Amino acid sequence: MINSVVVLSNDRRIRMVNLSTLQLTGYREEELVGQPITVLLAQDHMSNRPDEEIVFNNIFEEQFVSKDGKKISVLFSASLIKTKEGQNQGIVCVAQDITILKQAEGALRLSEERYALAASGANDGLWDWNLKKNKIYFSPRWKSMLGYSNVEIGEDPQEWFNRIHPEDISRVRRSLESLENDITQSLLEVEYQILHKNGNYLWGLTRGIAVRNGTGICRMVGSQTDITQRKQYEEQLRYDALHDKLTGLPNRTLLLDRLSHLIERSKRHSDYL
């Protein structure tokens with residue numbers, strides 16, 4: 001769309017407008033010519049408007065008001081029209097409609113605010129891994145789950161991997177490599193032990209999804225859930241199933257389980273006694 005052009009007299013009254021101005025505002029030419037420029041400007045935006053000396057040769061955001069009262073965001077600039085002798089002949093104003101851009105900015109801001117609220121209110125820790133930059137955003141909840149404040153953990157992926165239990169790190173890496181190598185796979189789900197600031201390990205469950213471009217995975221996003229209580233409960237169930245509740249001694253089920261393992265081992269090794 002061609003920019004809106006408005007030519008003013010020295011007393012700031014409209015002398016001429018182009019077709020784009022009429023299409024943008026809904027006015028007819030005779031309705032604008034002779035009127036002060038303020039007929040096009042939003043009154044509640046006036047307090048943010050620079051002084052006349054600053055307006056010239058500068059670009060700033062302004063708001064036009066259409067004939068039906070609709071506000072239109074524009075990038076606005078104004079320049080003096082001078083004769084060869086340096087006398088002022090008027091002012092030419094140019095405005096570019098940025099309403100759609102402002103609406104998009106507003107929608108993006110709202111989306112970011114919703115994400116921030118969801119992240120702060122979620123019980124799970126959230127992470128967002130930019131593989132091109134090799135940086136991971138860890139939500140405040142992700143960090144507090146491990147006993148850290150928001151400023152104590154940075155964006156280096158090693159902040160995650162260095163805390164995974166040595167017995168589990170290879171399994172986590174295999175899961176990530178499998179996701180990278182198999183283009184039909186996009187979901188990640190892996191359990192592991194991760195070090196808390198207090199020196200103890202808790203059990204974490206990470207779920208994620210991979211975002212691919214033409215060259216492979218460019219981004220991964222997901223969550224980390226503290227499943228320590230669940231793992232303790234499962235372990236207790238296994239223990240109760242294999243031990244006498246009264247004495248705590250191994251029961252018949254455990255004996256048969258161990259015995260079956262020994263029998264299978266003896267079948268594989270003829271010299272096993």
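Because the structure is predicted, anything quoted here is derived from the model rather than measured.
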Would you call Glu177 and Arg174 a salt bridge, using N to O less than 4.0 angstrom?
no

Asn150 and Lys143: which non-hydrogen atoms are nearest, and at how many Å?
O-NZ, 2.8 Å

For Val221, which fellow cluster members are found when Ile, Leu, Val, Met, Phe, Trp and Tyr are connected by side-chain heavy-atom distances below 4.5 angstrom, either directly or through intermediates?
Leu187, Ile209

Does Ile100, at its CD1 atom, have more than 12 non-hydrogen atoms belonging to other residues, nucleotides or ligands within less than 6.0 Å?
no

Quick one: are Phe161 and Leu176 in side-chain contact, heavy atoms under 4.5 Å?
yes

Spacing of Leu259 atom CG and Arg252 atom CZ [to the nearest 0.5 Å]
10.5 Å

Would a distance-only check, ignoring hydrogens and angles, find a side-chain to backbone donor-acceptor pair under 3.5 Å from Asp97 to Val74?
no

Backbone N or O of Gly125 within a donor-acceptor pair of the Ser139 side chain at under 3.5 Å?
no

Give the minimum heavy-atom separation between Pro157 and Trp129, together with the two atoms involved.
CG-NE1, 3.9 Å

With the side chain counted from C-beta on, respond yes when Gln224 and Arg141 share a heavy-atom pair under 4.5 Å apart, and no when they do not.
no

For Val5, is there any backbone N or O sitting under 3.5 Å from a side-chain donor or acceptor partner on Asn18?
yes

Between Trp160 and Tyr192, how do the two ring planes meet: parallel, tilted or perpendicular, split at 30° and 60°?
tilted

Rounded distance [0.5 Å steps], CG in Asn3 versus SG in Cys93:
12.5 Å

Ser178 backbone acceptor or donor facing Asp182 side chain under 3.5 Å:
no

Taking the side chain as everything from C-beta on, heavy atoms only, tell me whether Thr25 gets closer than 4.5 Å to Val17.
no

Can you list, by chain and residue number, the hydrophobic cluster partners of Ile227 when the side-chain cut-off is 4.5 Å?
Trp203, Leu205

In this structure, would Val94 and Leu80 fall into the same cluster of hydrophobic residues linked by side-chain contacts under 4.5 Å?
no

CG of Leu32 to CG of Leu40, rounded to nearest 0.5 Å, is 5.5 Å

Specify the closest pair of heavy atoms between Ala78 and Ile91, including all atoms of both residues, with the distance to one decimal.
CB-CG2, 4.0 Å

Is there a side-chain contact between Val39 and Ile14, using heavy atoms and a 4.5 Å cut-off?
yes

How far does CD1 of Ile37 sit from CZ of Phe76, to the nearest 0.5 angstrom?
5.5 Å

If I compare all heavy atoms of Pro166 with all of Ile169, which pair ends up nearest, and what's the gap?
O-CG2, 3.4 Å

Can you tell whether the side chains of Glu155 and Lys133 come within less than 4.0 Å, N to carboxylate O?
no

Do Tyr201 and Tyr233 sit in the same hydrophobic cluster, where Ile, Leu, Val, Met, Phe, Trp and Tyr count as joined when their side-chain heavy atoms come under 4.5 Å apart?
no

Return yes if some donor-acceptor pair links the side-chain N/O of Asp156 with the main-chain N/O of Glu159 below 3.5 Å, else return no.
no

Quick one: does Asp168's side chain have a donor or acceptor within less than 3.5 Å of a partner on Gln193's backbone?
yes

Is it the case that the side chain of Arg12 and the backbone of Asn10 share a donor-acceptor pair, with hydrogens and angles ignored and the cut-off at 3.5 Å?
yes

If you link ILVMFWY side chains whenever their heavy atoms are less than 4.5 Å apart, which other residues fall into the same cluster as Leu19? By chain and number, please.
none

Count the heavy atoms belonging to other residues, nucleotides or ligands that lie under 6.0 Å from NZ of Lys70, then report whether that count exceeds 12.
no

Lys132 vs Asn213, side-chain contact (heavy atoms from CB on, under 4.5 Å): CA-CA, chis, key distance, verdict
CA-CA 11 Å; Lys132 288 187 176 181; Asn213 57 16; 3.7 Å; yes

Reported CZ-to-OG1 distance for the pair Arg13 and Thr38, which is rounded to 0.5 angstrom
8.0 Å

I would like to know whether Glu264 and His261 meet side-chain contact (heavy atoms from CB on, under 4.5 Å); could you show each step before the answer?
CA-CA 5 Å; Glu264 290 299 320; His261 281 291; 5.9 Å; no

Heavy-atom nearest pair, Leu41 first then Val65, reads C-CG2, 4.0 Å

Check: Leu195 and Asn162 side chains under 4.5 Å, non-hydrogen atoms
no

Would you sort out whether Glu235 and Lys231 count as a salt bridge (Lys or Arg N to Asp or Glu O under 4.0 Å), showing the intermediate values?
CA-CA 6 Å; Glu235 185 61 33; Lys231 298 294 284 188; over 6 Å; no

Student check: side-chain heavy atoms of Arg163 and Ile153 closer than 4.5 Å
yes

Tell me, yes or no, whether the heavy-atom count around Gln229 atom CD, taken from other residues, nucleotides or ligands under 6.0 Å, exceeds 12.
no

Any heavy-atom pair between the side chains of Lys82 and Asn88 that's under 4.5 Å?
yes

What's the spacing between Ser175 OG and Leu188 CG if we round to 0.5 Å?
6.0 Å

Met16 with Ile81, same ILVMFWY side-chain cluster at under 4.5 Å
yes

Test item: Arg171 side-chain N/O and Glu191 main-chain N/O as donor-acceptor pair under 3.5 Å:
yes

Over all atoms of both residues, closest heavy-atom pair of Ser223 and Trp127
N-NE1, 3.3 Å

Is the backbone of Ser4 close enough, under 3.5 Å, to the side chain of Thr21 for a donor and an acceptor to pair up by distance?
no

Would you check if Glu61 and Ile98 make a side-chain contact, meaning some heavy-atom pair closer than 4.5 Å?
yes

Val7 with Tyr27, same ILVMFWY side-chain cluster at under 4.5 Å:
no

